[in-house]
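Note sheet for the following structure.
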Amino acid sequence: MKIIYNDGHAAECPQEDELHVIRHTAAHILAQAVKHLYPDAHFAYGPATEKGFHYDIDLGDVKLSDEDLPAIEKEMAAIIKQNLPIKPYALSREEAIKMMEEKGESYKVEHIGDLAEDVTLTFYQQGDYTDMCVGPHLCYTKALKAFKLTGISGAYWKNNAENKMLTRISGVAFATKEELAEYEKMMEEARQRDHRKIGKDMQLFMTDNLIGRGLPMFLPKGYTIWQELENYIKDKERRLGYLHVMTPCVGTVDLYRTSGHWDHYKDNMFPAMEVEGESFVLRPMNCPHHMMIYANRPRSYRQLPLRIGEIAHDFRFEASGTLKGIERGRHFCQNDAHLFVTPEQIKDEVAGVVDLIFDVYKDFGITDYRCVLSLRDPADTKKYHQDDEMWNTAEEALRQVLNELGIDYTEEIGEAAFYGPKLDVNVKPAVGAEYTLSTCQLDFCLPAKFQLTYIDKDGSSKTPVVLHRAILGSLDRFMAYMIEETKGNFPLWLAPLQVKVLPVSEKSLEYADEVNEKLLDAGIRAELDTSNEKIGYKIRAARQEDRVPYMLIIGEQEVTGKTVSVRSRKTDTTESMTVDELIAKLKDEIASRK
């Protein structure tokens, strides 16, 4: 595949650069198509990305939706069919600014102003469209063989929330149609697993713009799963000596000034509320509250480690374009805890956290994950608390502990919390990119900021070290992960509806009702289908809509023998047994969390 560089020479494309060049060219063809359809459009950035390409566009008062994508794709196809040559050329800074001003491209003019004075400004022209770009590109538009537009979203100019919201049109492009077909197959699998679709189908949660974007509400079945997860992790924590607390969802601005969040995290927080001369904010995390609980009374080394846990409601003002169901919202509930320890206890307590993480992963069958030691970027003076000695001590302490524990990990610069390094456990879901599920953060910073102390063995006053840790991460995100991993087919103990009782006809309804009551009395989440539908329809609805682990088919034979015919979702086989035998079987499966 030949490509053309910004100095005008053409050459064979290095294999490792092929996708980048294809996608970069696709972005330019997209922009040309949009300009044809919407002549008043003005263009910001249009890069190739790891996943595809996009262009951020100012469309004025025009509002696009995914329904507009086919028309844009059609226009892109027409441009490709023309086989327009793609020609590079260079301009002086003055010439470039003049040309962009004449075209009304104010975003390009501003971008030129951000570039260094000695940068050569190059442009690529294809037919009636010209774009500022460093290249390289395909030589002709017809060389773009396979592409597809994937969505419409919003994006702030220069990724700054104080700037105008632009329309981002995203797409993918590949070297061959076969690769595009494989991608579309993968995307269809992703759609089938999407927790937002399954959550709607199963009536687990909902959102409504009248309440607010990113503020999901859990419906009865979804809240059942949520409660099961809460009970599961709190039970494990209690066995390990955690003490659970409940703290407010708001705090004063002064609280977050003390912790440092106001300086380092304010952009991700909801605006302050002024009440009776005080400023309050919705809390983005819980560590300041837990610091104050520790400070509530004098502490001795004999009381450490002190493990404070909470399923805590938190609020963060995430950009609207990043919101994704319950995986990423503006309100979520963290499985949070803070461990107050002496320096000598760091290794054992980190080991305990790591053991708990892997124990939980074993229970849920999570095997595809990797561990990351997240460190600060010393060059970033805004994101991180400035104390080189503290950072060097904390990073080396956590690195040493992970090495001694034999944890296999990679190091990533710039991913630490603002107050300290952390161990992140990133999971690879069935579809999509990996993300952090569990974390353990080592903190020498906040205990000092809050002037926390304990009396040591020699009677001196010392500052504790704090481990911030989350095992399930947020219950919301963990539920989204489980929905997508299982396609909503939860294991019995976690299923919102464990058994569906399906009478074949009106004649078996009375006995079916008795069976249902016995299941409910035994603590089984059961439901009786009283509809007039045929039994085949009832079975399909129970499997496909409710995704119930077990269906009880009750006809005249079952009424006469006082039995139930049990159909398993997993094996699709039917087995006859008494109600007592069934209850014993279900309780055993629930207790073992198979």
Side-chain angles (χ1 to χ4, degrees), residues 3-11 17 20-49 52-64 72 75-76 79 82 84-141 144 152-171 319 321 382:
I3 59 175
I4 190 162
Y5 292 86
N6 60 22
D7 61 2
H9 86 277
D17 296 336
H20 179 85
V21 174
I22 289 171
R23 289 166 175 173
H24 202 171
T25 303
H28 280 219
I29 294 174
L30 164 63
Q32 185 175 11
V34 169
K35 192 68 175 177
H36 287 176
L37 297 173
Y38 306 97
D40 293 331
H42 300 290
F43 299 92
Y45 292 130
T49 67
F53 63 91
H54 66 252
Y55 221 121
D56 295 343
I57 307 167
D58 186 347
L59 290 162
D61 295 331
V62 176
K63 303 295 182 185
L64 295 186
I72 301 174
E75 184 62 25
M76 290 177 68
I79 292 167
Q82 292 178 52
L84 301 171
I86 301 175
K87 303 175 182 178
Y89 61 92
L91 292 177
S92 68
R93 177 177 291 268
E94 292 75 18
E95 291 171 327
I97 291 174
K98 181 180 178 182
M99 182 177 73
M100 290 294 100
E101 285 179 338
E102 288 175 351
K103 291 178 175 291
E105 298 293 351
S106 59
Y107 296 100
K108 301 292 185 182
V109 173
E110 185 175 340
H111 180 43
I112 293 172
D114 293 336
L115 300 175
E117 289 290 335
D118 58 350
V119 170
T120 300
L121 299 175
T122 55
F123 295 81
Y124 280 81
Q125 181 179 5
Q126 55 199 45
D128 57 4
Y129 180 75
T130 301
D131 206 343
M132 185 170 71
C133 185
V134 297
H137 282 279
L138 301 174
C139 294
Y140 295 89
T141 58
L144 179 60
I152 303 281
S153 60
Y156 292 110
W157 167 234
K158 294 184 176 179
N159 200 31
N160 185 336
E162 296 181 0
N163 290 336
K164 184 171 183 177
M165 175 71 77
L166 306 176
T167 298
R168 172 169 293 181
I169 304 177
S170 300
K382 292 184 177 181

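Side-chain atoms are counted along with the backbone in the values below, which use heavy atoms only and exclude waters and symmetry mates.
Across Phe43 and Glu105, no two heavy atoms sit closer than the pair N-OE1, 2.9 Å. Nearest heavy atom pair, residue Ala26 against residue Phe53, reads CB-CE2, 3.5 Å. Residues Cys139 and Ile3 approach most closely at SG-C, 3.7 Å, considering heavy atoms. Between Thr141 and Gln82 the shortest heavy-atom distance is OG1-C, 4.5 Å. Nearest heavy-atom pair, Tyr107 versus Ala44, reported as atom, atom and distance to 0.1 Å: CB-CA, 3.9 Å. Smallest separation of non-hydrogen atoms from Leu64 and Ile152: O-CG2, 3.8 Å.
You'll find the side chain of Ile4 stays beyond 4.5 Å of the side chain of His9, heavy atoms only. Put simply, the side chain of Ile72 reaches to within 4.5 Å of the side chain of Leu37, judged on heavy atoms. Using a 4.5 Å heavy-atom threshold, the side chains of His24 and Pro136 count as separate. Taking 4.5 Å as the limit, every side-chain heavy atom of Phe123 sits out of range of all side-chain heavy atoms of Lys87. The side-chain heavy atoms of Glu110 and Trp157, taken from C-beta on, include a pair separated by under 4.5 Å. Contact check for Leu91 versus Thr120: no side-chain heavy atoms found under the 4.5 Å cut-off. You'll find the side chain of Val34 stays beyond 4.5 Å of the side chain of Glu75, heavy atoms only.
With sequence neighbours left out, Tyr140 forms a side chain to side chain donor-acceptor pair (under 3.5 Å) with no residue at all. Judged as a side chain to side chain donor-acceptor pair (under 3.5 Å), and not counting sequence neighbours, Tyr38 has no contacts.
Note: Tyr129 and His28 have perpendicular aromatic rings, judged against thresholds of 30 and 60 degrees for the angle between ring planes.
Between the side chain of Thr122 and the backbone N or O of Tyr89, no donor-acceptor pair lies under 3.5 Å. The backbone N or O of Val134 lies less than 3.5 Å from a partner atom in the side chain of Asn6, making a donor-acceptor pair. A donor-acceptor pair is defined here as one N or O able to donate and one able to accept, closer than 3.5 Å; such a pair exists between the side chain of Arg93 and the backbone of Ile112. Checked by atom type and distance alone, the side chain of Lys35 pairs as donor or acceptor with a backbone atom of Ala41 at under 3.5 Å. Gln32 contributes a side-chain N or O that, together with a main-chain N or O of Gln126, makes up a donor-acceptor pair within less than 3.5 Å. With Glu95 contributing its side chain and Ser92 its backbone, the two residues share a donor-acceptor pair below 3.5 Å. In terms of modelled atom types and a separation under 3.5 Å, the side chain of His42 and the main chain of Gly104 share a donor-acceptor contact. A side-chain donor-acceptor contact under 3.5 Å links Gln125 to the backbone of Gly127.
With no hydrogens or angles considered, a side-chain donor-acceptor pair links Asp131 and Tyr55 at under 3.5 Å.
The ring of Tyr45 has its center no closer than 6.0 angstrom to the ring center of His54.
Interatomic distance, CZ of Arg23 versus CG of Leu144, reported as 11.5 Å (0.5 Å rounding). The line from CG of Asp56 to OG of Ser170 is 8.0 Å long, rounded to the nearest 0.5 Å. Taking OG1 from Thr25 and NE2 from His137, the interatomic distance works out to 5.5 Å, rounded to the nearest 0.5 Å.
Within a 6.0 Å radius of CG in Asn159, other residues, nucleotides and ligands contribute 12 heavy atoms or fewer.
Salt bridge Lys158/Asp114: present, at least one basic N to carboxylate O contact under 4.0 Å.
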